[in-house]
Amino acid sequence: MDPTSQKELMEPRSVALSIIIPTYNEAQTIVKMIDSITTSLPSQLAAEVIVVDDNSPDGTAGIANKLGSQMKDGNIHIHVVSRSSKQGLSSAILAGVQFACGEIVVVMDGDFSHPPQTIPNMVEELQDPKCDIVVASRYVSGGSIIGWPFKRKLMSRGATRIAQVGLGIEIKDPMSGFFAFRRKIINDVKFDAIGYKMLLEMLVKLKGVRVKEIPYTFRNRTLGASKVDASVIYDYMRAVYRLYRHGRSELSERRASVRFLSKAGRFYTVGASGLLVNYAASVSLYQLFPALWYLHGTIIGILLSMTSNFFLNKIWTFEDRNFDRKRSAVQYGMFIAFSSIGALLQLSIVYLLVEGSQMDYAIALVIGVIIASIGNFIFNKKWTFKERIWS
Ligand code: GDD
Ligand code: MN
């Protein structure tokens, strides 16, 4: 059963705080974790612990359930969301959030890497209405890591850097698995929940979210084993790529004028690259095959540059990733036709200006290129790639 329906089937719970612990084979620590959480929280706080277990072979879920029934009458309740198979950390967290009732949600690991003693500080920080997410951070002053091998530290630093540079994240520890937030801030977010990095996805998708980092010491687990493996790294790359694309499509939702100019800019950049291709191809053909008539070399150069322009404009300028053969062939034909018409137009404009109005050739050429390329852009936008002109 999915966690939302599971929640709806239960009596409504009134709690201030939901602590989510995703588990996979944490039988050795889960009881001690919950004990430690219980003693760390102020006794008047109504809280629930939600263990999201992916059918751990070591029986974590059963142990948590048993503890839950023993603690039924206390003010901290234990719930277990059981899933049928291992589906990844992010999606486990998401399932926990869907099941949660607390106004505030805390996410933490089940292996004592994250000290439960930090939870009250995180909740405290969230009392400030100007703060939406509190990240327990290893990389702010006062924070640290104990017990990780050099390789793992390096991986973590690298992944952090990728997120900061690639996704424009400013906080110091976006990879943290220990964080708290007001539950309602994610009501409208659609999550991919790939891999390990739930927090990262929140940071990217919640625009204008106000984050506070507080230091803590991460201690490598002493019991059980980490679930981080090559597939987690692969998932991380996939998640970053999707978040990067997400950011770009958000960008394109901005004003039509911005989008129009951005595409025009790309179209002109491609055009300039075409000149280089054209020049390089013509010259090298001429040198490689001295027997080739130079005008034939020039024609091949022009065709090559039109072709590279076509592909670059299709993929980059107009972001059209549909490579259906027939569709692409038609587009290619139209692109070549418009480019040729553009060239003729340019030629006629230059001719008329120089011969008719006695204009300086250099100025006439600039005017010819500008008019022809604007026409080229508009026609290809509208007919080759079937976009509205002003968009
Ligand atoms: N339900 C479920 N399903 N739980 C999972 C899964 C899964 O597929 N994979 C991992 N977990 C649980 C583990 O049982 C543990 O409680 C917690 O998620 C963290 O997993 P670890 O395997 O112990 O991760 P780690 O210690 O190597 O990495 C931690 O530190 C990183 C800091 O760089 C995690 O907190 C990461 O999120 C964090 O980024
Ligand atoms: Mn761990």
Could you tell me how the ring of F385 sits relative to the ring of F318: parallel (under 30°), tilted (30 to 60°) or perpendicular (over 60°)?
parallel
State whether the number of non-hydrogen atoms from other residues, nucleotides or ligands found under 6.0 Å of F150 atom CZ is greater than 12.
no
Which heavy-atom pair separates L94 from A193 by the least distance, and what is that distance?
CD2-CB, 4.0 Å
So, D2 versus S5: side-chain donor-acceptor pair below 3.5 Å or not?
yes
How far apart are the C-alpha atoms of Y24 and T60, what are their side-chain angles, what is the distance that settles it, and do they pass the side chain to side chain donor-acceptor pair (under 3.5 Å) test?
CA-CA 7 Å; Y24 192 76; T60 310; over 6 Å; no
Could you tell me how the ring of F379 sits relative to the ring of F338: parallel (under 30°), tilted (30 to 60°) or perpendicular (over 60°)?
parallel
Looking only at side chains, do D111 and Q28 share a donor and an acceptor under 3.5 Å apart?
no
Tell me, do E26 and S56 make a side-chain contact under 4.5 Å, heavy atoms counted?
no
Rounded to the nearest 0.5 Å, the CD1 atom of I367 sits from the CD1 atom of I371 at a distance of 6.5 Å
When rounded to the nearest 0.5 angstrom, what is the spacing between CD1 in I302 and CG in N309?
11.5 Å
Does S339 reach the side chain of N376, with side-chain heavy atoms less than 4.5 Å apart?
yes
Same cluster or not: are L261 and Y268 linked, directly or through other Ile, Leu, Val, Met, Phe, Trp or Tyr residues, by side-chain heavy atoms under 4.5 angstrom apart?
yes
With a 6.0 Å cut-off on ring centres, are F377 and F260 close enough?
yes
Over all heavy atoms of both residues, which pair between R210 and P129 is shortest? Give the atoms and the distance, please.
NH2-O, 3.4 Å
With the 4.5 Å side-chain cut-off for hydrophobic clustering, are I93 and V105 part of the same group?
yes
Measure from the ring center of F311 to the ring center of W316 and say whether it is less than 6.0 Å.
no
Test log, rule side chain to side chain contact (heavy atoms under 4.5 Å, CB included), inputs I50 and K7
CA-CA 12 Å; I50 300 167; K7 174 177 172 180; over 6 Å; no
Is it true that E387 and K263 have a side-chain N and a carboxylate O under 4.0 angstrom from each other?
yes
Can you establish whether the number of heavy atoms outside R388 located under 6.0 Å from its atom CZ is more than 12?
no
same_hphob_cluster(I315, Y241) at 4.5 Å side-chain heavy-atom cutoff
no
Is it true that S91 and R83 share a donor-acceptor pair across their side chains at a distance under 3.5 Å?
yes
Do Q331 and K314 come within less than 4.5 Å of each other through their side chains, counting heavy atoms only?
yes
Is the CD atom of Q70 crowded by more than 12 outside heavy atoms at less than 6.0 Å?
yes
Heavy-atom closest pair, residues S282 and T298
OG-CA, 4.0 Å
With a 4.5 Å cut-off on side-chain heavy atoms, are I133 and K212 touching?
no
Any link between F191 and V52 through a network of hydrophobic side chains (Ile, Leu, Val, Met, Phe, Trp, Tyr) touching at under 4.5 Å?
yes
Hey, any chance V211 and V123 share a hydrophobic cluster, counting ILVMFWY side chains that come within less than 4.5 Å of each other, even indirectly?
no
Modelled atom types, side-chain donor and acceptor of R152 and S156, under 3.5 Å
no
Exceeds 12 heavy-atom contacts within 6.0 angstrom, atom CD of E355
yes
Carboxylate-amine/guanidinium proximity below 4.0 Å for D235 and R238
yes
Would you say K72 has more than 12 foreign heavy atoms packed within less than 6.0 Å of its NZ?
no
Determine, stepwise, if the pair I19 / I119 fulfils side chain to side chain contact (heavy atoms under 4.5 Å, CB included).
CA-CA 9 Å; I19 299 172; I119 300 174; 4.0 Å; yes
I171 and L203 have their tightest heavy-atom pair at CD1-CD1, 3.6 Å
Does either side chain, that of T384 or that of Y332, offer a donor lying less than 3.5 Å from an acceptor on the other one?
no
Looking at CG of L303 and CD1 of I336, how far apart are the two atoms once the value is rounded to the nearest 0.5 Å?
6.5 Å
What do the steps show when you test E48 against H79 for side chain to side chain contact (heavy atoms under 4.5 Å, CB included), and what is the final call?
CA-CA 7 Å; E48 60 181 4; H79 302 280; 3.5 Å; yes
Closest approach of S36 to P116 (non-hydrogen atoms, all atoms of both residues)
OG-CG, 3.2 Å
For residues Y286 and Y294, establish whether the separation of their ring centroids is below 6.0 Å.
no
State, yes or no, whether a side-chain contact exists between I30 and T23 at a heavy-atom distance under 4.5 Å.
yes
Side-chain contact, heavy-atom cut-off 4.5 Å: D53 with V81?
no
Salt-bridge contact K172-E213 (side-chain N to carboxylate O under 4.0 Å):
no
Flag side-chain contact, heavy atom, 4.5 Å: L275 against S305:
no
Just to verify, which of I20, I21, V106 counts as forming a side chain to side chain contact (heavy atoms under 4.5 Å, CB included) with V49?
I21
Are there more than 12 heavy atoms of other residues, nucleotides or ligands under 6.0 Å from atom CZ of R219?
no
Nearest-0.5 Å distance, CE of residue M33 to CG of residue D109
8.0 Å
If the plane angle is over 60° it's perpendicular, under 30° parallel, otherwise tilted; pick one for F179 and F181.
parallel
Parallel, tilted or perpendicular: rings of H114 and F178 (30°, 60°)
parallel
In short, A180 meets M122 closest at the heavy-atom pair N-CE, 3.8 Å
Report yes if some heavy atom in the side chain of N313 is under 4.5 Å from a heavy atom in the side chain of N380; otherwise report no.
no
As an exercise, state the distance from CD of Q164 to CE of M175, rounded to the nearest 0.5 Å.
8.0 Å
May I have the step-by-step check of side chain to side chain contact (heavy atoms under 4.5 Å, CB included) for F112 and L223, ending in yes or no?
CA-CA 9 Å; F112 274 104; L223 295 167; over 6 Å; no
Is K205 paired with D192 through a side-chain N to carboxylate O contact shorter than 4.0 Å?
yes
Just by distance, do the side chain of Y236 and the backbone of A159 share a donor-acceptor pair under 3.5 Å?
yes
